Structure formats: C-alpha cells, structure tokens
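Both backbone and side-chain heavy atoms feed into the values below; hydrogens, waters and symmetry mates do not. Letters A, B, ... mirror the listed sequences (proteins, then strands); counts begin at 1. From a predicted model like this one, the values you see are computed outputs, not experimental measurements.
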Amino acid sequence: MPADLILNVAVGGVLTGLVYGLMALGLSVIFGVVRVVNFAHGEMMTLGMYAAVVLFGSFGLDPLLMLVPVAAALFVIGYILQSTLINPFVNRPEHSQFMLLVAVAMIMVNGLLMAFGPNARNTLVSYALDSYQVGPVIIDAVRLYAALAALAVAVALFAFFKLTPTGKAIRACADNYLGAQVVGLNVKRLYAFTFGVGAACVGAAGCIMVLLIDVTPQIGPAYTLLAFVIVIVGGLGSMPGALLGGILIGLSEALAGLFFVPSAKGMFAFAILVLVLLLRPQGLLGKKA
Amino acid sequence: MSRMLRRLGEGVSNRALVALGLVFAALLLAPLVSNGYVLSVLIIALYYAYAGQAWNVMMGFCGQLSLGHSLYVGVAAYAAAIFFVKWNVPPVIGMFAAIAVAMAFGAVIGFLAFRFSVSGVYFALLTIAFAEFTRIGFDHFTWAGGSGGFFLKVEDRAADLITLRGPPIMFYYVMLALTALAFLFCRMLTQSRVGYYWFAIREDQEAAQALGINVFRYKMLAVIVSSGMTSLAGVFFAFYYNNLFPEQIFSMARSIELILGPIIGGLGTLFGPILGAFVLTVLADLVTEVLVFTGYDIPGVKQVFYGLCLAVVVIWLPLGIWPPLKRRLGLEGRS
C-alpha cells in the first residue's frame with residue numbers, strides 16, 4: 001500500500017478526530033463536574049446537526065458561522081434540562097440517572113424523527129469539494145475547516161475554565177462539592193451552567209459534524225457511545241484527554257477503514273476502550289482516583 | 001428438599017400466596033380466551049418478564065449494572081440456531097451449548113471487570129463495549145450469515161418440544177414455564193446464603209469484604225448466573241422469530257428494552273420484573289392501537305410516549321411500581 005495513501009487517510013482521521021474530541025469534551029465537562037453520565041449526548045449533537053441543516057436549507061447560512069447561535073440554543077436547553085430534571089437526580093443511584101437520561105434521549109431521537117422523518121439530510125456547502133495540497137498530502141477543505149473550528153471552540157472552552165470566575169467556580173465544585181458549598185457557591189446553579197456548557201459544546205460539534213457526515217435522527221445513540229469511548233480512553237474529567245482520545249479514535253477508525261473493511265472500524269474503537277479500561281482505567285491523561 | 005420448599009414460602013403472607021396463585025392461574029388460562037394477536041402480545045410480555053428477571057439477578061440483587069445483556073441473548077440465540085441448522089442438533093440439547101457460551105462470555109467480562117476493579121459507570125460501559133464488539137464481529141462472521149442474517153426454516157407443524165417447532169401457543173407455555181421457574185429460582189436465591197451475600201455487596205461492597213465475603217467470587221457468580229439465565233431467552237428468541245440479525249439482536253436498544261421492565265416494575269424485587277414487563281408491553285400495544293385508530297401513527301410518536309412514561313416513573317416512583325402497589329394491596333410479608 002503506498003505510503004502517500006496511508007498518510008492521506010491518517011491526516012483525514014486526525015482532523016475528524018478533533019471534531020470527535022470536541023463532542024467528547026462536552027461529555028467530559030458534564031461528568032467531571034456534575035458526576036452524571038449524559039446518556040443523551042449523541043442525541044444532543046443530532047439536535048445541533050438538525051439546527052444547522054434547517055438554517056442552511058432555509059436561509060443558506062453556513063454551518064460553521066451558525067456554530068455560535070446553535071451552541072447558545074443548546075446551552076439554554078442544557079441549562080433547563082439540568083435545573084429542572086437532572087438536579088433532583090444528582091444524589092440518586094446511577095441506574096436511576098441512567099434511566100432518566102435514556103428517557104430524555106428517547107424523546108429527542110423520536111421527536112426529531114417525527115419532525116424530520118427518517119431520511120438522511122446533509123449540507124452541501126460551496127467549498128464541499130475543495131482541497132489543499134501540502135506536499136504529498138491532499139487535505140479536504142471541509143475537514144480542515146471543521147478541525148480548525150473544533151480546535152477554536154476547544155480553546156475557548158479551556159480559556160473559560162482557566163480565566164473566568166464562573167469557570168473557576170465550576171472547577172471548585174468539581175474538586176470539592178462540600179467545600180464549594182461552604183464558601184457560598186450556588187452549586188445547583190453552577191451544575192445547570194455546566195450542563196449548559198457541555199450541551200453548547202456538543203451543539204457546536206454538531207454544527208461542525210454536519211459538514212462531514214449525513215444526519216438522520218437515529219445516529220444519536222452511536223455517537224453517545226463514541227463520546228463515551230473517547231472520554232474514557234482520554235481520561236474522564238481531563239479536557240486535553242478528551243481531545244487526545246478523539247484524535248486517537250478518529251485515527252483508528254480511518255486506518256481500520258483503510259486496512260480492513262470500513263464497517264469494522266467500530267470494533268477497533270471498542271477494542272481500544274477495553275484495553276484502556278483494563279490497563280489504565282483512569283484513561284491516558286486521567287489522574288489516578 | 002422439603003426444607004427448601006418451606007423456606008420458599010417463609011415470610012410470605014397467605015394473601016400474597018393466594019394472589020400469586022391467581023395470577024399464575026390467569027396466565028395458564030389466558031390462551032383459552034385470547035386470539036392470535038393477544039397471544040403474541042402476551043408471549044412478548046413473558047419474554048421480557050423472563051429476561052428482566054435474569055438481568056435483575058445481576059443488578060437488582062448484586063448491584064452490578066449491565067447495559068449489555070443483549071450480548072447474552074445474542075450469542076445464545078446464535079449458538080442454539082447454529083447447532084440446529086448446521087448440525088441438526090435439536091435445541092433441547094443445543095440449549096446447553098447456548099447456556100455454556102453465554103456463561104463463558106459472562107465469565108470473561110466479569111473476570112476482566114472485577115479483577116481490574118472496573119466498577120460503576122465504567123463497568124456498564126464495558127458491558128456495552130463487549131456487546132457492540134460482538135455485534136460488529138457477527139456482522140462480519142459470514143459463516144453464520146453475517147449482516148445478512150441467519151435463518152431457521154419456518155415449518156408449520158404440530159408442537160414439538162424437542163425441536164421447539166410449533167404453533168405460538170406452545171411458545172406461550174414454554175415462556176410461561178420459564179418465567180415461573182425463574183421466579184421460583186430467584187426466590188430461592190434471595191432466601192439463600194448467596195442471596196444475602198449479594199445484597200451485602202450491593203449495599204456496601206467494602207463492608208461486605210470486611211465481613212469476609214469473597215466479593216470477587218460472588219460478583220462472578222452473579223454475572224454467570226444472570227448470563228446463563230438470559231441465554232434461555234436467546235434460545236427462545238431464535239426459535240420463535242426464526243431469524244437473527246446481529247444489527248437487531250445485539251443492539252444497545254435491545255439491552256435497554258430488556259432492563260426497562262425490572263426498573264419500572266421495581267429493581268431487586270421478585271415480582272417487579274414481571275409486572276414491569278407486562279405493563280410496558282401492554283401499554284406499548286394500547287398506544288399503537290390508539291394511534292392507528294386516531295390516525296396519528298407517524299414514526300416516533302410511540303417512542304416519545306414511551307420516553308415520557310419512563311421519565312414519569314423514574315421521577316415519581318424511584319422504587320418502581322411494585323413496592324408501593326404491594327403495600328396498597330396489603331401483600332407485605334410477615335417478618
């Protein structure tokens with residue numbers, strides 16, 4: 001197999017992986033702080049994707065430019081979801097939280113199915129077929145822009161958590177729940193804010209993802225799973241870990257598609273997951289509990 | 001033997017025994033007054049009741065959340081079907097292979113998870129990962145049909161329990177027998193030393209360990225018992241539906257459907273999985289009827305309704321339907 005081809009596929013995999021990473025980042029933020037596993041994560045991304053599809057279809061608005069308003073809308077949805085439904089569940093057993101979010105996911109998937117039908121939708125942007133050549137590597141323009149956008153959102157998120165008072169307060173909640181309450185932080189409100197941030201993240205990822213894949217209402221659960229795999233591989237609660245995990249899984253999928261059959265690519269992601277769980281349960285960049 | 005039988009009824013009020021007898025009698029006689037459609041609904045309800053009971057052993061008794069039980073259903077269904085179609089071994093023998101295969105899968109997952117102390121959410125994810133991994137594996141396992149599916153010959157003939165070929169009414173009684181036996185078996189477990197060890201592990205693993213319970217061994221036992229029980233649901237699935245698609249049988253949606261019954265009915269209770277399965281199945285069918293009748297039967301409505309019901313139960317009845325209902329009916333046991 002020519003080295004050029006492998007290199008090309010690998011670069012494509014890494015770029016897609018960055019978008020995966022952004023999606024997983026949302027999950028990691030939510031779990032890291034609220035300690036609730038968002039089993040409706042992929043479904044939230046689908047919501048963002050449909051928002052982008054509608055905006056593009058009706059007004060011709062570019063999904064990458066719509067990233068900010070869609071993320072804002074998802075923030076509101078996430079905030080409301082946490083403050084009304086999930087906050088009372090924070091101290092309930094895991095299976096109970098899981099069932100609640102499964103119910104939310106079911107309503108989202110099938111609500112979308114009712115609204116948009118089962119057919120695949122996509123956005124055919126004007127630069128869909130453009131590409132850049134760098135030495136031997138040919139890079140699709142959409143993939144490059146998608147990865148850059150994902151990176152930009154991720155950087156914004158890092159900055160938010162490191163620099164803003166709200167970001168610091170959220171990190172305080174994550175580090176020490178009781179301590180955060182003692183110093184007078186409104187933990188429940190911060191949880192809602194965090195869930196909103198996580199939802200905004202995955203909404204932005206949806207806007208970007210819509211450039212790379214077709215969307216149907218049914219893809220949600222598969223991406224929920226993928227986000228989990230990535231977050232656990234990278235290390236739950238570690239933000240750079242989520243990006244690294246995303247790149248790793250994106251790369252493994254691309255190479256598996258090249259060397260084996262594309263439909264078997266999922267197996268490699270799960271195999272990586274099992275290996276990580278057994279050999280380094282805290283994840284590649286996670287801290288030991 | 002008689003001591004075991006006496007222990008089965010220990011602490012159960014007479015009222016509860018009578019109620020249980022009535023429910024069982026009603027289920028025994030139900031086919032006499034059911035048409036083909038109602039019978040098919042009841043078969044599905046019993047299927048979920050049985051599979052839910054099996055899952056409940058692992059989660060309800062021992063506190064290990066598995067979200068990948070479709071794996072055991074799937075491998076057992078394939079094992080029994082392959083034995084029958086490829087080598088002409090009837091399911092009466094083939095089911096032992098199915099049980100063995102499912103238990104082996106359970107043992108491997110349990111061993112890896114518990115040896116490396118993968119627990120909680122991580123454990124749940126590991127079970128999903130194995131189910132998905134196996135699903136994709138079977139998709140490419142062309143000898144067993146691959147993603148194109150594996151089929152059993154549909155024959156129209158008199159009931160034959162050896163080869164499990166026959167009319168729906170036979171499947172109904174097979175499933176009823178399995179459900180009843182699983183109920184008794186679980187009752188026996190909860191009254192036994194093993195059951196108490198499991199409850200201890202569920203409530204507080206470290207405390208259980210401190211008391212000298214071999215946590216690893218009993219968690220393994222829970223997974224193996226649960227996967228072995230679940231496998232029979234798989235054998236039934238293969239011979240009742242006569243077709244197997246990896247995409248369907250191993251999917252995460254199947255695993256979730258399977259655990260809805262016990263969670264809605266009442267986790268860790270004996271009657272909860274049965275009640276939950278019947279409530280859900282009957283409700284789903286009623287909703288379909290109403291939607292078809294009123295002309296709103298567009299794809300997705302039913303599942304949205306399902307999701308709403310699930311949310312309502314989880315929010316307002318955290319213990320499930322059965323524990324409060326039991327109190328209301330005055331069926332609480334003597335203690």
Atom pair [atom1] ([X]) and [atom2] ([Y]), whose distance is rounded to the nearest 0.5 Å:
X        : Y        : atom1 : atom2 : value
A:Gln282 : B:Tyr122 : CD    : OH    : 9.0 Å
A:His95  : B:Ser66  : NE2   : OG    : 13.5 Å
B:Ile136 : A:Ser263 : CD1   : OG    : 8.5 Å

Heavy-atom distance under 4.5 Å to chain A: side chain of [X], backbone, both or neither?
X        : answer
B:Leu126 : both
B:Leu308 : both
B:Val121 : both
B:Phe305 : neither
B:Ile315 : both
B:Leu112 : both

For this session: For each of B:Ala124, B:Gly300, B:Ala311, tally heavy-atom pairs with chain A at distances under 4.5 Å, and name the one with the top tally.
Result: B:Gly300

Exercise. Which residue out of B:Ile259, B:Leu65, B:Leu67, B:Val118 racks up the most heavy-atom pairs below 4.5 Å with chain A?
Worked result: B:Leu67

Report which part of [X] has an atom under 4.5 Å of a heavy atom belonging to chain B: side chain, backbone, both, or neither.
X        : value
A:Leu112 : neither
A:Phe260 : neither
A:Ala271 : both
A:Phe268 : neither
A:Leu273 : side chain
A:Leu100 : both

Exercise. Looking at A:Leu278, A:Leu277, A:Val102, which has the largest count of heavy-atom pairs under 4.5 Å with chain B?
Worked result: A:Leu278

Can you give me the closest heavy-atom contact between [X] and [Y], atom names plus distance?
X        : Y        : answer
B:Pro318 : A:Arg92  : CB-NH1, 3.6 Å
A:Gly111 : B:Val304 : N-CG2, 3.6 Å
B:Gly137 : A:Met267 : CA-CE, 3.8 Å
A:Ala103 : B:Gly307 : CB-O, 3.4 Å

Exercise. So with a 6.0 Å cut-off around CZ of B:Arg217, is the heavy-atom count from everything else above 12?
Worked result: no

For this session: Run the numbers on B:Gln303 and A:Val109 for side-chain contact (heavy atoms from CB on, under 4.5 Å), then give the verdict.
Result: CA-CA 9 Å; B:Gln303 283 81 0; A:Val109 169; over 6 Å; no

Problem set entry | Side chains of A:Ser96 and B:Val314 in contact at under 4.5 Å (non-hydrogen atoms) | yes

Exercise. Do A:Met99 and B:Leu310 have side chains that get closer than 4.5 Å, going by heavy atoms?
Worked result: yes

For this session: Would you sort out whether A:Leu225 and B:Ile128 count as a side-chain contact (heavy atoms from CB on, under 4.5 Å), showing the intermediate values?
Result: CA-CA 9 Å; A:Leu225 261 180; B:Ile128 300 179; 3.3 Å; yes

For this session: Might you work through the side-chain contact (heavy atoms from CB on, under 4.5 Å) test for B:Phe133 and A:Val274, ending with a clear yes or no?
Result: CA-CA 10 Å; B:Phe133 189 84; A:Val274 171; over 6 Å; no

For this session: Check the pair B:Ile256, A:Phe98 against side-chain contact (heavy atoms from CB on, under 4.5 Å), reporting the backbone distance first and the verdict last.
Result: CA-CA 10 Å; B:Ile256 290 175; A:Phe98 164 74; 4.2 Å; yes

